[in-house]
Amino acid sequence: MTLLARFQSFPRAIRWAILGAAVIILYFAVVEPVLDLTNRFSAKADLLAASLRKIRALQSADSDQGRVLASGQASFGTPLLPIDPANTPDAIHHLVDRVLETQGVSVRTTNERRIPLRDEEFNILAGGAGSIDRFILDVTFDATPETVTAIVAQLEQSPQVAAVSRVEVRRPEAGRSGSSGAAPAGRTVKATVSSEAWIVAASRIASAVGGPGRSNP
């Protein structure tokens with residue numbers, strides 16, 4: 001007796017029960033996994049579409065985001081990407097030293113910090129070379145308010161600096177001056193300026209110039 005003949009020999013209630021069980025098994029074994037996969041692909045497609053719309057808005061000079069980006073690039077320049085070979089801790093140290101010396105500041109104390117960026121979206125900027133760190137270089141010095149302003153402006157316009165994340169100005173300690181000595185008495189302030197760059201964590205190297213607590217006499 002064939003399988004079909006045996007099936008047809010069953011009572012009608014049993015045949016319907018077998019068909020119902022087969023439908024349920026087919027749904028959970030095939031249909032539901034296909035639906036889940038379709039929903040996942042649909043969600044990814046929606047995310048990609050939203051990202052593309054955001055990119056188009058940033059690239060368009062007619063959008064609010066595009067105007068803000070264009071204004072920022074015009075004012076502060078285009079920062080280096082984390083994967084750029086010139087974007088290293090040594091480069092930030094050299095840049096800050098050069099800016100301070102240009103403004104006549106010969107005495108300063110520096111301290112560097114690294115803060116990992118945990119969001120996976122930021123790691124796209126690393127181009128597969130590793131994760132991204134915020135490299136922050138704090139430099140403390142004495143100077144006139146005008147000199148502090150000029151230093152901050154130069155740092156903000158430097159491509160190695162992604163942002164000047166902190167500027168703290170306070171009264172200097174009595175009888176001390178960290179500038180070139182040309183600042184009029186009573187006009188000197190003590191400033192701490194934090195320059196920030198985003199760098200690939202895998203590129204961590206020992207810095208022969210910079211380092212925690214480095215002081216330039």
Side-chain angles (χ1 to χ4, degrees), residues 58 68-117 119 122-127 129-170 172 176-183 187-217:
L58 289 172
V68 170
L69 181 61
S71 175
Q73 288 179 332
S75 300
F76 307 116
T78 303
L80 296 178
L81 289 174
I83 57 176
D84 194 298
N87 203 11
T88 64
D90 276 353
I92 303 300
H93 277 285
H94 285 304
L95 170 69
V96 171
D97 286 345
R98 185 169 65 252
V99 169
L100 292 173
E101 289 166 4
T102 299
Q103 295 298 328
V105 177
S106 57
V107 179
R108 64 268 190 185
T109 300
T110 62
N111 183 67
E112 65 182 51
R113 295 174 285 145
R114 286 177 182 267
I115 303 175
L117 292 173
D119 195 327
F122 291 120
N123 293 335
I124 297 174
L125 298 174
S131 58
I132 302 295
D133 277 356
R134 291 173 59 200
F135 178 81
I136 303 173
L137 181 62
D138 302 314
V139 56
T140 301
F141 56 92
D142 293 349
T144 64
E146 293 81 6
T147 299
V148 175
T149 301
I151 289 172
V152 171
Q154 278 190 262
L155 291 173
E156 285 182 333
Q157 293 172 353
S158 302
Q160 292 93 336
V161 176
V164 176
S165 54
R166 181 173 69 109
V167 177
E168 181 181 304
V169 178
R170 56 193 183 279
R176 296 191 61 182
S177 175
S179 67
S180 60
R187 296 199 67 246
T188 300
V189 296
K190 180 176 289 292
T192 298
V193 178
S194 300
S195 302
E196 178 176 328
W198 289 10
I199 62 175
V200 177
S203 67
R204 294 174 181 172
I205 55 176
S207 173
V209 177
R214 185 167 63 94
S215 179
N216 294 65

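Start at 1 with the first residue, then count along the sequence. What you are looking at is a predicted structure, and each value in this text was computed from that prediction instead of being measured. Note that these values count all heavy atoms, side chains included, but never hydrogens, waters or copies made by symmetry.
- Summarising the geometry, atom OG belonging to S195 is positioned 12.5 Å from atom CD belonging to E112; distances are rounded to the nearest 0.5 Å.
- Taking the side chain as every heavy atom from C-beta outward, Q160 and H94 never approach each other to under 4.5 Å.
- Every residue two or more places apart in sequence or in another chain that forms a side-chain hydrogen bond (donor to acceptor under 3.5 Å, both in side chains) with T147 is listed here: T144.
- For V189, the side chain to side chain contact (heavy atoms under 4.5 Å, CB included) test picks out P145, V148, V169, with sequence neighbours left out.
- Contact check for V96 versus L155: side-chain heavy atoms found under the 4.5 Å cut-off.
- Here R108 pairs with E101 in a salt bridge; the nearest charged N to carboxylate O distance falls below 4.0 Å.
- Between atom CG of residue L95 and atom CG of residue L100 there is a gap of 9.0 Å, rounded to the nearest 0.5 Å.
- Atom CD1 of I115 and atom CD1 of I136 lie 4.0 Å apart (nearest 0.5 Å).
- I92 contributes atom CD1, which lies 12.5 Å from atom OG1 of T110 (distance to the nearest 0.5 angstrom).
- Looking at residues two or more places apart in sequence or on another chain, you find a salt bridge (Lys or Arg N to Asp or Glu O under 4.0 Å) between R166 and D138, E168.
- The shortest distance between side-chain heavy atoms of W198 and R134 falls below 4.5 Å.
- Residues V193 and F141 are in side-chain contact: their nearest non-hydrogen atoms beyond the backbone lie under 4.5 Å apart.
- Between the CG atom of D142 and the CZ atom of R170 there is a distance of 8.5 Å, given to the nearest 0.5 Å.
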